[in-house]
Amino acid sequence: MAAIRPAGDFDISYAHDMAVIRRPWQWAAAVGLVAFLFAVPAFSPPQFLDALNLIGIFLVSVQGLAILVGYTGQISLGQAAFMTVGAYASAVLTKYAGVPFWFALPLAGLGAGLVGLIFGLPSLRIKGFYLAMATLAAQFIIPWIFRGFWVATLGGATGIQEIPVPRLAGFAFDSEWGMYFIILVVAILTTIAMKNLARTRTGRAFVAIRDNDLAAEVLGINIVAYKLRAFFLSAFYAGLAGSLWAHYLRSINPEQLDLIDSVWMLGMVIVGGMGSALGPILGTVFIRLLRELVSTLTPNLNDMLPGLGANLAGLGPLVFGFALALFLVFEPHGLALAAVFPLAV
Amino acid sequence: MNWQLLPQFLVTGLLTGGIYSLVALGLVLIYKSSQIFNFAQGHLLMFSAFITWSLMVQQGWPIWVAILGGATVAVLLGVLIERLALRPLIGQPILATIMMTLALSQIIQGVTILVFGGARQVFPEIFPLKPVIIPLGGDVRVVLKVALLWGFGLAMAGVAIFALFFRFTRVGLAMRAAAEDHQLAQSVGLKVRRIFAAAWAIAGVIGLVGGVIIGSISGVEPTLAGIGLKAFPAVLFGGLESIPGAIIGGLLIGVIENLVGGLPANQAIRATNPAEIAPYVILLLVLLFKPDGLFGLKRIERI
């Protein structure tokens, strides 16, 4: 979407061509947004911060998925499983090995990335549905391993509880707003990394593979190496998100993040729009808010339609499914394009 | 393993595999005609089982009328899905169709829970519950559930019918042509839209058959949709385009699942049932070494 820009904005140097932020107002908007985000805890209730934290955690994971799906054109139904790997890695490192959270976070990313590599291997020979299936296998095999192996450490089906709180210089990040800052900083860093990835050799190779993998190979792009790199990066992001998840919720189990979460994350990528750094942000916020809305409205609906009762649990999947289906039919390029071209829709 | 149980494991595996084959048949049917992999097949199965249950128990219709009613709903649902959800996506990338069927699965899941609730409902007796026992000499004997036998029989009949259907009938040939290239098929006068609708309707009915058989064995509940996930390895095992492949894949997955379940293993692995993931491990291996499945078409790609 690099071609979409304000009128009168021409590239007069290579540096300008490569710039992410082009106009003074964009600088102002970026700085203003970040400052606003840092100020949010000052005036919002814990319940709202909780929603924001979950948005932030999923955002990191969805960005990883967007690198894989949106940039590289590969399909993964295993993102939630890679998050689980990161969550467990971080929990075990901090709780049993005494590693501080600040080191456990990147290590969790690395661990999940390596697992992602293993499940990315089939992508060298297969694509499309077959690849979706191979990653679906990850979604079943990984929780199974966490359930049944090293039960003394990993806790079997009950998982790990009392995961240590991140601490820095005597300050414990144990409240909603404490974790908010950690999640915010990580999310900002991953957003910048993702935005920049698109401008590097690696990012462009990803896009080339997405557009036509055979042509990319003919052009001399090592598609084996780059596909694996995309899987690694995607799972690395998931691992970071998993680590944040573990230290935010303080307890994890193998079933917490399941296939449906992987589907929701793919949905966020689609709804947001693929191939841009803005997409995952819009998609994650939209879908998570939709989910919050449904769970807030459910008690009210229960008063209006008393006959339904527990059946209202079906509302969540129904609304999500409809939102996703409507986007696929009417706005397949997602919110990001609609945001750039508000009138073109 | 207790070797005396081996024949039992094999037979039970084959019979449950018959159900997987039925689901896989629905998947292959849609894939063969429209190149869409239907992640919602398990949910279609679950939904039509619920409808049949509701007609039978809540409305008190006789069994066969209820099944016919369920089939009507399944056909309508299939046609509706094709018309409203998938036709707008013709020409879109694969990911869009995958996401659409995933979205459909969520919608069906949601509607089912809203209408029927999340609890397990028990079917009235359709097939005799008393199992058939076949002695094999000595202590060795095989116990067969009648409903599973029906499932197996119907799956096999389905295969035979569809194999002939795709080879010898105009509609079947048209479906294969449409799968090859939507535009080309349209340009030689085939009614591609009608073909897709037919495929979805038939897949819905296949789902109904599977749903009623499983429902009569273990009751019907929203998690029943998970059976679709079992059928995915089966389809890939045999190759997405091959109906005999889907059947053999389904049977193999059923047998492997049951054999692995009966294997001796160390306590750690025992604690969680290895049969749960055996199909997926095999799936990964198949994909690594034979990406087109055992009987799938090899695609030659050009730039």
Side-chain angles (χ1 to χ4, degrees), chain A residues 69 73 75 77 119 121-122 124-134 136-141 144-145 147-151 156-157 212-215 218 259-260 263-264 266-267 270 274 308-330 332, chain B residues 31 35-37 39 84-85 88-89 92-100 102-119 222 226 229 232-233 235-236 240 268-274 276-277 279-284 287-293 296 301-303:
Chain A
V69 178
I75 298 168
L77 279 170
F119 286 97
L121 278 177
L124 307 182
R125 297 195 63 185
I126 56 177
K127 43 187 160 181
F129 304 114
Y130 290 94
L131 186 57
M133 287 301 140
L136 185 69
Q139 193 64 60
F140 286 92
I141 294 170
W144 181 79
I145 291 175
R147 267 204 313 277
F149 290 83
W150 308 290
V151 177
N212 190 329
D213 54 346
L214 290 176
V218 172
L259 176 64
I260 298 302
V263 174
W264 281 72
L266 263 180
I270 302 271
M274 294 193 289
L308 283 171
N311 292 10
L312 281 175
L315 211 56
L318 181 66
V319 169
F320 167 67
F322 260 114
L324 186 53
L326 290 178
F327 265 94
L328 282 167
V329 172
F330 295 109
Chain B
Y31 188 81
Q35 296 271 303
I36 287 168
F37 191 92
F39 278 90
L84 294 180
L89 296 188
Q92 296 272 0
I94 285 176
L95 179 67
T97 62
I98 290 185
M99 288 314 294
M100 182 54 94
L102 284 171
L104 286 173
S105 75
Q106 291 303 298
I107 294 175
I108 297 174
Q109 180 91 12
V111 169
T112 311
I113 295 176
L114 271 178
V115 178
F116 300 107
L229 299 174
F232 297 158
V235 182
L236 293 196
L240 272 172
I269 301 178
R270 268 268 76 89
T272 60
N273 185 4
E276 263 174 48
I277 62 154
Y280 294 99
V281 174
I282 293 158
L283 166 72
L284 268 185
L287 287 175
L288 269 176
F289 295 107
K290 197 137 180 17
D292 302 304
E301 290 188 66
R302 299 191 174 85
I303 293 182

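Throughout, protein chains are lettered first and strands after them, A, B, ... in sequence-line order, and every chain is numbered starting at 1. Quick note: numbers below take in every heavy atom, side chains included, and nothing from hydrogens, waters or symmetry partners.
Heavy atoms of A:I260 lying under 4.5 Å from chain B belong exclusively to its side chain. Only the side chain of A:L259 has a heavy atom closer than 4.5 Å to any heavy atom of chain B. Proximity to chain B (any heavy atom under 4.5 Å) is shown, for A:F327, by neither the backbone nor the side chain. Neither the backbone nor the side chain of B:I108 comes within less than 4.5 Å of any heavy atom in chain A. Both the backbone and the side chain of B:A96 come within less than 4.5 Å of a heavy atom of chain A. Proximity to chain A (any heavy atom under 4.5 Å) is shown, for B:V235, by neither the backbone nor the side chain. When heavy atoms are compared at a cutoff of 4.5 Å, B:I36 approaches chain A solely by way of its backbone atoms N, CA, C and O. Of the atoms belonging to A:L131, not a single heavy atom falls under 4.5 Å from chain B.
Taking every heavy atom of both residues into account, B:I98 and A:A132 meet most closely at CD1-CB, 4.3 Å.
In terms of non-hydrogen atom pairs under 4.5 Å with chain B, the most contact-rich of A:A134, A:A323, A:G267, A:A138 is A:A134. For chain A, the option among B:P88, B:G110, B:P279, B:A85 with the highest count of heavy-atom pairs below 4.5 Å is B:G110. For the set A:I141, A:V263, A:V319, the count of heavy-atom pairs under 4.5 angstrom toward chain B peaks at A:I141.
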Checking A:F149 against A:W144 for the ring pair (Phe, Tyr, Trp, His ring centres under 6.0 Å) test, could you report, in this order, the C-alpha distance in whole Å, the side-chain angles of both residues, the deciding distance, and whether it holds?
CA-CA 8 Å; A:F149 290 83; A:W144 181 79; 5.5 Å; yes
For a side-chain contact (heavy atoms from CB on, under 4.5 Å) check, start with the C-alpha distance between B:Q109 and A:L318, then their side-chain angles and the critical distance, and finish with the verdict. CA-CA 7 Å; B:Q109 180 91 12; A:L318 181 66; over 6 Å; no
Margin query: Using the rule given for side-chain contact (heavy atoms from CB on, under 4.5 Å), can you reason through A:L324 versus B:I107, listing the C-alpha separation, both sets of side-chain angles and the distance that settles it, and then say yes or no?
Written below: CA-CA 10 Å; A:L324 186 53; B:I107 294 175; over 6 Å; no
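Taking 4.5 Å as the limit, every side-chain heavy atom of B:F116 sits out of range of all side-chain heavy atoms of B:V111.
With sequence neighbours excluded, the residues forming a side chain to side chain contact (heavy atoms under 4.5 Å, CB included) with B:L95 are A:V69, A:I75, A:I270, A:M274, B:M99, listed by chain and number. B:F39 pairs by the ring-ring contact (aromatic ring centres under 6.0 Å, His included) definition with B:F37, B:F232, not counting sequence neighbours.
Aromatic ring orientation, A:W264 versus A:F320: parallel (interplanar angle below 30°, classes split at 30° and 60°).
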